[in-house]
2 protein chains.
Amino acid sequence: MPGQRSITQAEKLAEAKLGGIPVRHEQMAVVANIYRAASAVRQHLENSVLRGADLTWTAFVVLWVVWIWGESETRHVAEEAGISKGTLTGVSRTLEKRGLLRRAGHPTDGRLVLLSLTEEGEELMRRVFPAFNEEEAFVAAQLDVDECRSVADGLRRVVLQVEEHGEERRLALLDGAAPAPRRSGRRPQP
Amino acid sequence: MPGQRSITQAEKLAEAKLGGIPVRHEQMAVVANIYRAASAVRQHLENSVLRGADLTWTAFVVLWVVWIWGESETRHVAEEAGISKGTLTGVSRTLEKRGLLRRAGHPTDGRLVLLSLTEEGEELMRRVFPAFNEEEAFVAAQLDVDECRSVADGLRRVVLQVEEHGEERRLALLDGAAPAPRRSGRRPQP
DNA sequence: TCCGTACAATTTGGAGCCGAACGACATCTG
DNA sequence: CAGATGTCGTTCGGCTCCAAATTGTACGGA
């Protein structure tokens, strides 16, 4: 089992590298495996069901959110899909061009844009989602239902921890220092 | 707790949408939460320790792999870091320009390139990794050590399942059909 | 020695993605 | 009711990422 062994070995090597400074092994293993699992799952789903429907992971997630929640404002969709507003603008326009998504202005608030599925989009989701869910079951096949529940619950606690305390934690770490702006991002007008 | 509720609710809505077609709830929840957790963790780490060191997640992972494993061939580093060889070429050159990474030809096989950390790179990792690990502990703070172990173990089983059976599964799904090329990426020559 | 095949990293092109700046609109306030 | 303030979605710069095409190197046979 390469995953198991290589991570354990990496941890030991890391400890050696740090020369006695304590490493939080279990927490490190959780983070490493969260990321590995996310990549593996995404790759598998993109290369199986999504590729066939000509959808990227992000595009599928956006369609899924709108499908489940019904007509929604873009900021909620971005939030729920876990992408930035800027990304959603591009993705939703691509999906609109393909006739899967509708973009409509809000009747009373001119700032808002509402997203909803077209009939074609609904059809697509009715067809693709069962296959998607089947592959979700495939990737989780080594876990029984109780294990699924407990892993999902543990991950939820991680998400909540970051959502609820992440901001304050980051501020505490910076300790008043400038937030060090990201390298990318739009430049100010001259 | 928005995470818990919205996912559960989404599942119920999905079931309704499918009109009786059974949904594998637990497996769906696992996949959804793996992805949510991965995004949350990555975002938190990028915006706390990595931003300060002017590193992206990918750049950090590459440095970490080379740091832990010592001088390595690029294909192994790409594999271990979970990125494509093409991506690694760009990332490693950026890190080389910053003086953190060394790229050297293999002494006997001219096709290979070996990566290793410069002294400056070693110093950076000795400084950044403890802070990184601290934040790993922060995001996992709602889990005790045993829970960390069991979540990590469950995730490892997901990774293994995909690594060991993913390829055959994808082939079975396609059932001999053409693998449907990706939309992005370089176009075939006419 | 000169191919042909195999396998390495790199180049290239298209899409994705984030987050700061921006402009349009809404709403509060004096 | 005009200006300040706030809140949207959009724009845009800089990366990231993948995978096909390409380039370069190795090596086993003719």
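Every value quoted in this text rests on a predicted model; they were computed, and no experiment measured them. Reminder, nothing fancy here: chain letters follow the sequence lines and each chain counts from 1.
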Any residue in residues 87-104 of chain A with a heavy atom nearer than 4.0 angstrom to DNA chain C? Just list them by number, or reply none. A/Thr87
Are a donor atom and an acceptor atom from the side chains of B/Ser116 and B/Arg102 found within less than 3.5 Å of each other? yes
Mind calculating the distance between CG (A/Leu50) and P (D/dA19) to the nearest angstrom? 13 Å
Would you call the rings of A/Phe132 and A/Trp57 parallel, tilted or perpendicular if under 30° counts as parallel and over 60° as perpendicular? tilted
Using modelled atom types only, decide if a donor and an acceptor are shared between the side chain of A/Asn33 and the backbone of A/Ala29 within a distance under 3.5 Å. yes
Specify the separation, in whole Å, of atom CZ of B/Arg75 and atom C1' of D/dG24. 15 Å
Checking D/dC17, C/dG16, C/dA9 against the side chain of B/Ile83 (C-beta onward), the nearest is D/dC17
Separation of C/dA15 atom C1' from A/Arg42 atom CZ, nearest Å, is 11 Å
Winner on side-chain proximity to B/Arg111, out of C/dA6, C/dG16, D/dC8, is C/dA6
Assess, by modelled atom type and distance only, whether the side chains of B/His106 and B/Arg111 contain a donor and an acceptor separated by less than 3.5 Å. no
Here the distance between atom P of D/dG14 and atom CG of B/Leu55, to the nearest Å, is 19 Å
Under-4.0 Å side-chain N/O to phosphate OP1/OP2 contact, A/Asn47 with D/dC18: no
Can you tell me which residue pairs pass the salt bridge (charged side-chain N to carboxylate O under 4.0 Å, His left out) test with a partner in residues 129-143 of chain B, sequence neighbours excluded? A/Arg169-B/Glu135
Please determine whether a side-chain nitrogen or oxygen atom of B/Gln43 lies at a distance below 4.0 Å from atom OP1 or OP2 of C/dC18. no
Between D/dA19, C/dA9, D/dT16, which nucleotide gets closest to the side-chain atoms of B/Lys85? C/dA9
If I take atom CZ in residue B/Phe60 and atom C1' in nucleotide D/dC15, what distance separates them, rounded to the nearest angstrom? 19 Å
Does the distance from a Lys or Arg side-chain N to an Asp or Glu carboxylate O, for A/Glu123 and A/Arg127, drop under 4.0 Å? no
Can you find a side chain N or O atom of B/Thr58 that sits less than 4.0 Å from OP1 or OP2 on D/dC15? no
Rounded to whole Å, CG of A/Leu45 lies from P of D/dC18 at a distance of 16 Å
Can you tell me if CZ on B/Arg24 sees more than 12 non-hydrogen neighbours from other groups inside 6.0 Å? no
For B/Gly86 and for A/Gly110, locate the closest nucleotide of DNA chain C by heavy-atom distance; then report the residue assigned to the nucleotide nearer the 5' terminus. B/Gly86
So B/Glu80 and B/Val61, do their side chains get closer than 4.5 Å, heavy atoms only? no
If each of B/Gly82 and A/Val113 is mapped to the nucleotide of DNA chain D with the nearest heavy atom, which maps nearer the 5' terminus, i.e. the 5' end? A/Val113
d(CD, B/Glu79; C1', C/dC7) in whole Å: 16 Å
First of A/Trp57 and A/Asp109 reached from the 5' end of DNA chain C, by closest nucleotide: A/Trp57
For B/Thr74, which contact category applies under a 4.0 Å heavy-atom criterion: base, sugar-phosphate, or nothing? sugar-phosphate
Distance in angstrom units between A/His106 NE2 and C/dC25 C1', rounded: 13 Å
